[in-house]
Amino acid sequence: MTPRPIPELAAAAREVLSALDDAEIQACVIGALAVHRWGEPRATSDADFSALAPYGDESRVVDILLQRFKSRRSDAREFALAHRVLLLNTAGGVGVDVALAAFPFEIEALDMASSWDILPGVRLRTCPAAHLVIYKLVAGRTHDLSDVEGIVNRQGRRLDVDRIRRWGREFAELKEDPDLLRPFEDALRKAHLR
């Protein structure tokens, strides 16, 4: 997919967060836009979010968003309820992935999210840097692991290493991936933070 300019992505993110705010649904930006705040900025074509959707209450959140945005799949509602991610497009055609948050890690990320002025006059709520590292480690794609290194390099000693290790161990067990934290530990070593 073709990368989109930051002003376009920021406007799309603001649109989604406003819709969720209007519905009084706790939400924040995760993914590449959050990397712009905490790590080494990189090109991206979409915007990723986490929105509070407790188990059993997913359909309310999904239906609210489907009323405001176009779905990217004909079975978007069913897909979201089965896989806990809603795939949408904004009016401007920006792809949006909304993760339906209910796991304690996701709730903590939402509770600790903070505002950030990505551009003059455009404020977004993003997950904390430590939680973004975990999201990236769990996704585990090449660009996600590169993002982890960028976050470590940019945040340095400000990074909540204990929180990352605690959640990393939990996800390593859940995913049956004993090496889940290795890219983070390698990044710490390379940055001489360990």
Side-chain angles (χ1 to χ4, degrees), residues 1-22 25-53 61-62 64-101 106 109-110 113-155 183-184 187:
M1 296 185 81
T2 305
R4 293 185 178 264
I6 290 301
E8 185 179 354
L9 291 168
R14 184 67 249 142
E15 184 182 349
V16 173
L17 287 174
S18 293
L20 291 163
D21 286 346
D22 290 348
I25 297 167
Q26 193 177 7
C28 69
V29 173
I30 58 177
L33 272 182
V35 170
H36 278 256
R37 179 179 187 182
W38 302 118
E40 300 299 327
R42 66 171 169 83
T44 187
S45 59
D46 62 4
D48 302 309
F49 302 84
S50 178
L52 185 61
V61 176
V62 168
I64 286 168
L65 288 169
L66 285 173
Q67 288 171 13
R68 295 276 299 262
F69 301 97
K70 297 174 188 168
S71 62
R72 293 201 328 253
R73 299 174 57 108
S74 59
D75 65 342
R77 186 177 194 279
E78 295 76 19
F79 183 87
L81 296 176
H83 300 284
R84 300 196 60 82
V85 64
L86 181 59
L87 306 174
L88 304 169
N89 277 325
T90 64
V94 174
V96 168
D97 295 1
V98 181
L100 304 176
E106 297 169 307
L110 288 168
S114 60
S115 293
W116 169 56
D117 293 324
I118 185 170
L119 295 169
V122 182
R123 179 170 282 193
L124 302 178
R125 198 168 38 262
T126 72
C127 67
H131 292 80
L132 184 57
V133 168
I134 295 296
Y135 279 121
K136 294 293 184 176
L137 290 171
V138 169
R141 299 164 296 194
T142 302
H143 67 270
D144 294 308
L145 301 181
S146 178
D147 288 341
V148 167
E149 191 169 324
I151 296 165
V152 168
N153 289 336
R154 187 157 164 211
Q155 296 307 308
F184 172 66

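Between atom CG of residue Leu33 and atom CG of residue Asp46 there is a gap of 8.5 Å, rounded to the nearest 0.5 Å. Between the CG atom in Asp21 and the CD atom in Gln26 there is a gap of 10.0 Å [rounded to 0.5 Å]. Annotation: the span from Leu124 atom CG to Phe49 atom CZ amounts to 7.5 Å, rounded to 0.5 Å. To the nearest 0.5 angstrom, Glu15 atom CD is 5.0 Å from Thr90 atom OG1. A distance of 9.0 Å separates CG in Leu110 from CD1 in Ile30, rounded to the nearest 0.5 Å. Between the CD1 atom of Ile25 and the CD1 atom of Ile64 there is a distance of 4.0 Å, given to the nearest 0.5 Å.
Side-chain atoms of Arg14 come within 3.5 Å of backbone atoms of Arg123 as a donor-acceptor pair (strictly under, hydrogens ignored). Between the side chain of Trp38 and the backbone N or O of Val133 there is no donor-acceptor pair closer than 3.5 Å. Between the side chain of Arg125 and the main chain of Cys28, no donor-acceptor pair closer than 3.5 Å is present. Formation of a donor-acceptor pair under 3.5 Å by the Arg73 side chain with backbone atoms of Ala80 is not found in this model. Panel note: side chain Arg154, backbone Arg37; a donor-acceptor pair is recorded below 3.5 Å. Formation of a donor-acceptor pair under 3.5 Å by the Arg72 side chain with backbone atoms of Leu88 is found in this model.
Contact between Leu20 and Ala27 at its shortest, heavy atoms only, is CD1-CB, 3.4 Å. In this structure, Gly95 and Asn89 approach most closely via the heavy-atom pair CA-OD1, 3.3 Å. Taking each heavy atom of Val98 and Ala51 in turn, the nearest pair found is CG1-CB, 3.8 Å. Considering all non-hydrogen atoms of both residues, Asp48 and Gly31 come closest at OD2-CA, 3.8 Å. Here the closest heavy-atom approach between residue Leu145 and residue Gly140 is recorded as CD1-O, 3.9 Å. Of all non-hydrogen atoms in Gln155 and Ala129, the two that sit nearest each other are CG-CB, 4.2 Å.
Put simply, the side chain of Trp116 reaches to within 4.5 Å of the side chain of His36, judged on heavy atoms. Contact check for Leu86 versus Leu66: side-chain heavy atoms found under the 4.5 Å cut-off. When side chains are defined from C-beta on, Asp22 counts as touching Arg68, because their heavy atoms get closer than 4.5 Å.
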> What's the verdict on side-chain contact (heavy atoms from CB on, under 4.5 Å) for Ser71 and Phe79, showing C-alpha distance, side-chain angles and the deciding distance?
Replying inline: CA-CA 11 Å; Ser71 62; Phe79 183 87; over 6 Å; no
> Can you check side-chain contact (heavy atoms from CB on, under 4.5 Å) on Val96 and Leu87, steps first, answer last?
Replying inline: CA-CA 6 Å; Val96 168; Leu87 306 174; over 6 Å; no
